[in-house]
Amino acid sequence: MDSIEIVLAMLLAVVASAYLVRVLPVSLPLPLVQIGLGAAIAGYTGHGVQLDPALFFLLFLPPLLFLDGWRIPKSGLFRDKGIILELAFGLVIFTVVGAGFLIHWLIPAMPLPVAFALAAIVSPTDPVAVGSIASRAPIPKRLMHILEGESLLNDASGLVCFRFAVAAAMTGAFSLTQASLTFVWLVGGGIAAGVGVTLLVTWAQRWLFRHFGEPAGSPILVNLLIPFGAYLAAEHTHASGILAAVSAGVTMSFVELSGQVMATTRIQRSAVWDTVQFALNGVMFVLLGEQLPDILHGARVSLDQSGHLNPWWLVLYAFAISFGLLALRFIWVWTTLRVTIYRKSLRGVDAPKPPLRLLLATSLAGVRGAITLAGVMTLPLTLPSGAPFPARDLTIFLASAVILISLVMASIGLPRLLAGMHFPEEPAEQQEEDMARREAASAAIAAVERAQMEQLQGGRDADMYPEAAARVIALYQHRLDTTAAVDDEDVARYRKLDAAERVLRLAALQAERRTIFNLARHEHISDEISRKLVREIDLVEARHKH
């Protein structure tokens with residue numbers, strides 16, 4: 001019963017953290033608040049939660065990686081694929097090697113494979129942590145897309161390197177040839193498992209829906225289970241469950257383009273996934289805070305074994321590793337940028353050099369978070385011989401400290417680095433949106449005209465359809481007029497008209513909602529009808545707010 005109460009307390013802490021960040025006089029990233037609440041829970045209960053590493057990995061990572069793959073902007077991912085791949089794979093290997101030797105040099109008592117494991121697990125960046133800071137700093141949209149793409153792929157590469165390092169620590173042996181072959185299978189098998197499971201489940205689901213209908217809630221539950229199915233399928237074939245979850249999410253984003261899911265299902269599913277993401281990320285950071293007292297105690301024991309009796313060495317190690325990671329990231333970003341500019345100059349392309357502040361911001365934005373925490377918690381408790389895994393608590397402590405330090409440095413440094421910088425708008429995105437609206441409006445007008453002719457031929461209420469069609473077509477004609485190719489003055493005027501219309505529509509919708517709630521309170525309409533009407537208003541309001 002105590003375990004259930006602690007889990008409920010952690011969920012309540014996640015809810016409370018969302019309000020605390022709004023009322024605190026000091027602006028803090030959400031993960032830091034959640035870590036503090038977790039430490040408060042640990043102080044109150046007096047004992048930590050006992051974690052099974054394999055179970056922890058299975059419960060937290062697949063849905064988070066799946067959602068990252070599903071929601072990442074594909075246009076930005078493919079446009080900047082060269083930069084993203086350099087950061088997601090090249091930088092990870094560079095970080096594992098550089099930081100691994102640095103950690104082993106700092107802490108000789110930590111075996112080299114364990115040092116490489118720690119370097120590997122702190123190499124992936126976390127988009128959720130960056131996003132919580134981005135709301136307080138003017139990070140350019142394109143840079144955010146690059147950081148999101150990097151975090152999607154470096155989760156996989158960092159965790160695969162972590163897996164190899166842990167295996168070397170467990171067996172005491174490492175073969176580059178065997179590791180290379182294993183890596184090929186891990187990557188190929190993992191991607192194939194993710195794509196295969198997603199396509200198979202989607203096909204089976206559609207077949208069942210066509211023949212037996214769509215039960216309420218079933219599509220959402222199936223969607224929630226896909227990342228776990230992909231992960232387990234890959235793990236059973238000794239492939240990478242991490243890559244399986246990522247590739248399942250990317251595949252799901254393309255499956256969605258078929259448009260065969262009902263609109264209400266999409267809306268409900270989006271809300272469910274938002275809740276799952278918020279809860280899982282929040283619980284992981286609360287859990288980090290809750291584990292800190294035990295982690296700190298175990299780290300001091302490991303520190304004693306290294307010959308340093310002063311606990312301040314822990315702080316020194318944590319800051320040295322954090323600044324080492326920052327330096328390695330800056331060196332990689334600066335070097336690859338110089339190489340890219342040089343290659344473009346050879347082709348006769350004039351590539352402007354970004355300001356130094358932007359390079360520093362790119363380096364500082366490499367915030368560690370949930371993936372690092374989830375991965376380091378999976379360190380084995382014992383070696384095959386039964387002996388304790390070497391420096392396990394110290395490794396977990398240092399990874400946790402790196403998360404905290406990177407969050408604090410980014411939350412303090414990014415707003416100051418980017419303050420006063422002005423970044424150009426992305427005109428291509430607005431052009432794409434205007435084009436999509438024009439095409440959609442033209443298709444809608446053609447569909448209305450066809451439907452009108454069909455209804456007129458059917459003879460049912462024929463006199464009603466011309467007037468109704470004219471009203472619907474007028475709505476879409478207005479959209480065509482406001483997105484047509486016009487000069488800058490007309491564009492500004494139409495934008496102002498749209499903004500004014502949106503204000504009026506939102507005011508009208510709020511009045512509608514208040515009236516319906518009032519009717520329901522006085523029992524003039526049933527709860528069922530009020531919920532239906534309010535939902536319709538909510539959907540329209542959501543469309544006008546975005």
Measuring only between side-chain heavy atoms, which start at C-beta, is [X] closer than 4.5 Å to [Y]?
X    : Y    : answer
R163 : L186 : yes
T336 : L91  : no
V166 : P380 : yes
F389 : V114 : yes
P390 : L383 : yes

Which value, rounded to the nearest 0.5 Å, describes the distance between [X] atom [atom1] and [Y] atom [atom2]?
X    : Y    : atom1 : atom2 : result
I83  : L337 : CD1   : CG    : 8.0 Å
I103 : I321 : CD1   : CD1   : 4.5 Å
Y317 : I107 : OH    : CD1   : 5.5 Å
F162 : I121 : CZ    : CD1   : 4.5 Å
T237 : L232 : OG1   : CG    : 10.5 Å
F319 : L326 : CZ    : CG    : 12.5 Å

No-hydrogen, no-angle side-chain donor-acceptor test under 3.5 Å, N154 and T125: yes
- request: Look at the aromatic rings of W70 and W273 and report parallel, tilted or perpendicular, splitting at 30° and 60°.
  value: perpendicular
query: Are the aromatic ring centres of F101 and F116 under 6.0 angstrom apart?
result: yes
task: For the pair L360 and L364, evaluate side-chain contact (heavy atoms from CB on, under 4.5 Å) and give the outcome as yes or no after the intermediate values.
output: CA-CA 6 Å; L360 289 171; L364 201 57; over 6 Å; no
